[in-house]
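The structure under discussion appears below in the form of structure tokens.
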Amino acid sequence: METPKIFEPGKIEVKWYAHWMEKGYFHSVPDNREPYTIVIPPPNITGVLHMGHMLNSTIQDVLIRRARMLGKNACWVPGTDHASIATEAKIVQKLKAEGIQKSDLTRDEFLGHAFKWKDKHGGIILEQLKKLGASCDWERTHFTMDKEYSESVVNVFIDLFNKGKIYRGVRMVNWDPEALTAVSDEEVIYKEVNSRLFYVRYKIDGLDDEWITIATTRPETILGDTAICVNPLDKRFIHLHGKSVIVPIANRIVPILTDDYVDMEFGTGCLKITPAHDINDYEIGRKFNLASIDLFNENGTLNEYGLHYQGVDRFEARKLIEKELHETGFLSKTEDHINKVGFSERTNAVIEPKLSMQWFVDMKDLAKPALENVMNNSIQFYPEKFKNTYRHWMENVKDWCISRQLWWGHRIPAWYYGEGVNDFVVALTAEKAASLAQEKTGVAYKAEALKQDEDVLDTWFSSWLWPISVFNGLTQPNNPEINYYYPTNDLVTGPDIMFFWVARMVMAGYEYKGDMPFKNVYYTGIVRDKLGRKMSKSLGNSPDPIALIEQYGADGVRVGVLISSPAGNDLPFDTSQCEQGRNFTNKLWNAYRLVSAWEVVDFEQPHSANMAIDWFESKLNKTLLEINDAFDKFRISDALMLTYKLIWDDFCSWYLEIIKPGYEQPIDKLSKEVTIAFFEKLLILVHPFAPFITEELWHLIGNDKKENDIIVASWPNAGKIDDALLVNFNQSEEVVSNIRNIRKQQNIANKVKLSLFVKGQVNGQLNFHSVIVKLGNLSCLEYVNESMKGAFSFVLEGKEFFIPFGEEMDTAAEKDKILAELEYIKGFLKSVQGKLSNEKFVSSAPSSVVESEKKKEQDALSTIDILTKKIADLG
RNA sequence: GGGAGUUUAGCUCAGCUGGUUCAGAGCAUCUGCCUUACAAGCAGAGGGUCGGGGGUUCGAACCCCUCAACUCCCA
């Protein structure tokens, strides 16, 4: 049966993935090989594959596959994250659609629904990764809420609490009124918004018709004012020091304070203080011991302190209060104003600073080794520029709010035995808690009488243990697996989760393993669309990766996403890149078709083939070194491009064209064998990038019988490199290009054979004589002592090449061309001689540079000489 | 407001310690070709004051100053 002209990826992808799985190639167990470990950044359990995952996972798979071929024990641990806020929101939404309110359910009922849903829909993304070819060790798939994993998380909480690094307290936190939970500082995204600045008059208490005007962007919080504040140096207000004002609407009397925090330039220079609803006001409130009036319910509506606005949403209340202030004459004016507002990373709701009782991790000690070991490159960042960002965060790290008012997640193991703020103990089980409580108070408690904290932990409080817990390193310390695989080698992730995740894994690594969690962190860029916009579900500008795989093949897509994506740079993605990737796989396919069709006959190897083999061997070895180097530096795109060019240009366009016998002619045995051997090496080099087609070709090309698979083939070692030969071949390429160029310019058909004469070849033939004859389609290649008249010519490396004219050639055009060349070279000579006649250059430049300039001068002079003669010859 | 980074061909990017690897690559474009593995291809070609200005140097894409634009991080 005829091999199809076009590579069809669909069927073979399924076939080979199943084969690899069946053979257990992805599965790793500790042995005496060197381990190479990557833990996947666990995607949300509810997630579907998007372009970011594509990029990220392809890179990881490339690294893993190459490591496997290098003979390392490669282990890529997959898994998913429970993603508490996102998942809970999804489940709440889904229940709502079924007419069930979360508030109508008990915690256990809700979790029942959640787990059912997770079992049904969770982990779709892992199945999608398989389509991409990801060679994860699926037997090791973990989920951050697995039993043993959860145990680690809870135990870490208990441990940090016992070490005094976790505390509970009332603090100003970022409240998400939509998700109804506190979130960490990192989960708040600040954006500039167009808002308005409201100027509101407050009457001075005890004085007749004396007013002071404040400026605020949040008039709805007036009802929570417990002071106003001016700068002590502000002359405008000195007479008001010590006085009080009456808060409009609330009619409460509050003091005028002085503090240099107040910016005299901003607004009116007079600030209202609402300690419950602004972090800066909160600080001033603490300083002056002010009362805090919390105006809002958890969902962002006003509570009883909102008086007649009770139950109204905060933004609606802003409008209504503006109206009331206006009607009652308190509002003196409003101005347009741009300010920064915090939004929830998850729900996009406007964050409400809110005072509440939460759990925190004290980060100071944890940050120390985490900062140090990144700065001293024990842990390497690629690209290095992210070290700056990392350092800045670490040096200014704030305590981490880890409690979330949700149900989906790891429940905080704190147990309350009374109503007092400190009436709790922290323990794994209620029974343990009961005995601890007894120890603490001297009173006997029954386990059932204790009430467990209702909150769960921040998702990242579990994912920061990922590199340890996927090997059960906390529940079974020093087990053989953790000892073998930890620290892992490379982490591949986006810079957007450097603080959420990377930094905290480093902290947990040093705290619990006394060692780094990984040696290298490769930060990928963000995948953007052609217009430079971030790909997102809401914009609908993200192509469906699975559809892309179906269209271009998994290999094509993998090559497409990697071909222009250097570390840390954004990847402006366009499907044309997948097209390029697919074309590349097709090129490989057709190279195979050519080689496989050659019929072997035992006869002497042509000289040109012999030369091509010598050359390509050197070329391949040299490029292999470059590819290895690119990998070592995490320059994955470069490694791919080097591989791409080695195959497309060097192997297909040059090597195969030289080797290839004439139409329906057989090939000699040796050439075919060597070509197959080259092809196999090339397939190995492409395999990390394009696993499916390479496995297919590997078998088609003859490895089927040997029952070995390319996925476990050995990465080649670079053999000898003959640099002189490479240089020589380069020159021959140029000769051929020049011949082709003359053909093109003179409209000489490729089929017409030409004669080529060379002047200036001192000893015998050109190295690649036979190659030039073949690729130039020459009838003869001869060596002469005199310049030829009536011929096209070109000059390379001091040698003149002549192709005699046919009958009617345009000598005038040829002459113009040479004249232009002459002009150029004269200009060049002038600049070189300029340098050489500059005494300072000659005396201060290194001698090698001066020498090379002198050589340039000589070359230019002789070329000018040749060209001048040529013009004369043309008449 | 503070900090970091980027700016090189139409697009995406290389360019290491200032000097023949110095102006490069891939894609795109243009021109010939359905030449015998591949038109998802082959062969050629044209594209750049290296963001602007100034300086240091015998010599600057590279070092310094300055301006501009964009991006990211933090508050």
Side-chain angles (χ1 to χ4, degrees), chain A residues 3-7 185-186 188-190 263 279-280 340 342 383-393 395-398 495-496 498-499 525-526 528 530 532 552-553 556 560 563-566 568-574 576-598 630 633 635 637-638 640-642 644-645 648-649 652-653 656-657 660-665 736-745 747-751 775 777 831-832 834-846 848-853 855-856 859:
Chain A
T3 319
K5 275 170 99 163
I6 286 178
F7 170 58
D185 293 343
E186 286 69 34
V188 181
I189 298 163
Y190 291 89
D263 178 0
I279 181 69
N280 298 308
K340 294 250 175 136
E384 233 184 321
K385 65 176 177 182
F386 286 113
K387 273 168 74 177
N388 279 326
T389 320
Y390 181 89
R391 184 185 61 214
H392 188 256
W393 186 80
E395 283 175 349
N396 297 287
V397 69
K398 302 248 167 52
D496 50 330
M498 181 158 54
F499 309 136
I526 292 166
R528 297 178 180 279
K530 251 203 267 190
Y552 298 103
I563 200 114
S564 65
S565 138
N569 267 21
D570 287 356
L571 169 64
F573 181 80
D574 186 49
S576 70
Q577 287 160 235
C578 292
E579 218 170 289
Q580 190 185 352
R582 178 204 57 186
N583 293 354
F584 180 55
T585 57
N586 200 46
K587 188 74 183 174
L588 272 172
W589 180 253
N590 277 290
Y592 159 73
R593 283 181 64 220
L594 175 68
V595 173
S596 67
W598 289 337
K633 293 175 176 153
R635 302 181 65 137
S637 302
D638 285 359
L640 171 57
M641 187 51 74
L642 285 162
Y644 178 95
K645 286 201 282 192
W648 200 306
D649 299 342
C652 293
S653 295
L656 288 181
E657 288 301 327
K660 163 164 118 175
Y663 183 51
E664 294 193 332
Q665 299 284 307
V736 173
S737 285
N738 270 289
I739 298 168
R740 285 170 177 167
N741 201 357
I742 286 171
R743 274 185 195 277
K744 165 95 190 196
Q745 279 170 358
N747 259 322
I748 304 168
N750 292 330
K751 286 174 195 159
L775 294 185
N777 195 21
S831 88
V832 172
K835 277 191 207 173
L836 286 170
S837 60
N838 181 337
E839 259 178 55
K840 281 187 175 167
F841 170 76
V842 179
S843 56
S844 26
S848 64
V849 174
V850 178
E851 281 312 306
S852 92
E853 289 298 316
K855 184 171 184 300
K856 276 192 225 170
D859 288 351

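Nothing here was measured: the structure is a model prediction, and the numbers come from that model. Reminder, nothing fancy here: chain letters follow the sequence lines and each chain counts from 1.
- A/N741 has no side-chain polar atom (N or O) that falls below the 4.0 Å cut-off from OP1 or OP2 of B/A43.
- Between B/C42 and A/W648, a contact under 4.0 Å exists linking OP1 or OP2 to a side-chain N or O.
- Look at A/R635 and you'll find a side-chain N or O under 4.0 angstrom from OP1 or OP2 of B/G15.
- Among the atoms of the strands shown, only primed sugar atoms or phosphate atoms (P, OP1, OP2) are found under 4.0 Å from some heavy atom of A/S653.
- Within the structure, every side-chain polar atom (N or O) of A/N388 is placed at least 4.0 Å from both OP1 and OP2 of B/C73.
- Under the Watson-Crick and G-U wobble criteria, each requiring two contacts below 3.5 Å, nucleotide B/C62 is left unpaired.
- Distances shown here put a side-chain N or O of A/K660 below 4.0 Å from the OP1 or OP2 atom of B/A37.
- Residue A/S737 is in sugar-phosphate contact alone, with no base atom involved, counting any heavy-atom pair closer than 4.0 Å across all strands shown.
- Spacing between atom CD1 of A/I6 and atom C1' of B/C34 amounts to 14 Å, rounded to whole angstrom units.
- With hydrogens and angles left out, the side chain of A/E657 and the base of B/A43 share no donor-acceptor pair within 3.5 Å.
- Relative ring orientation between A/W589 and A/F7 is described as tilted, the plane-to-plane angle lying within the 30° to 60° band.
- Between the side chain of A/N396 and the main chain of A/H392, a donor-acceptor pair closer than 3.5 Å is present.
- Residue-to-nucleotide proximity on RNA chain B shows that, of A/K398 and A/N586, the 5′-proximal contact is made by A/N586.
- Side-chain contact between A/F499 and A/T389 is present, with at least one heavy-atom pair separated by less than 4.5 Å.
- The partner of B/A4 is B/U71, by the rule that a Watson-Crick or G-U pair needs both atom distances under 3.5 Å.
- At a threshold of 4.0 angstrom between heavy atoms, the contacts of A/K340 include nucleobase atoms, whether or not backbone atoms are also involved.
- Heavy-atom minimum distance, A/L775 versus A/V736: CB-CG1, 4.0 Å.
- Interatomic distance, CG of A/N583 versus CD1 of A/I6, reported as 9.5 Å (0.5 Å rounding).
- Residue contacts for A/R743: at a heavy-atom cut-off of 4.0 Å it reaches no nucleic acid atom on any strand shown.
- Protein atom CZ of A/F584 is 15 Å distant from nucleotide atom C1' of B/G41, rounded to whole Å.
- Atom CG of A/N590 and atom P of B/U36 are 13 Å apart (whole Å).
- Backbone-only contact: A/K5 has heavy atoms under 4.0 Å from sugar-phosphate atoms and none from a base.
- Nucleic acid contact for A/F499: sugar-phosphate only, since backbone atoms but no base atoms lie under 4.0 Å from a heavy atom of the residue.
- Within the nucleic acid shown, A/Y644 comes within 4.0 Å of sugar-phosphate atoms alone, with no base atom in reach, counting heavy atoms only.
- Atom CG of A/L656 and atom CG of A/N590 lie 11.0 Å apart (nearest 0.5 Å).
- For B/G3, the OP1/OP2 oxygens have no side-chain nitrogen or oxygen of A/T389 closer than 4.0 Å.
- For B/C11, the paired nucleotide is B/G26, the pair qualifying as Watson-Crick or G-U wobble because both relevant distances are below 3.5 Å.
- Taking atom P on both nucleotides, B/U8 is separated from B/A61 by 15 Å, rounded to a whole Å.
- For B/U31, the paired nucleotide is B/A43, the pair qualifying as Watson-Crick or G-U wobble because both relevant distances are below 3.5 Å.
- Taking only side-chain nitrogens and oxygens, A/R740 comes nearer than 4.0 Å to OP1 or OP2 of B/G44.
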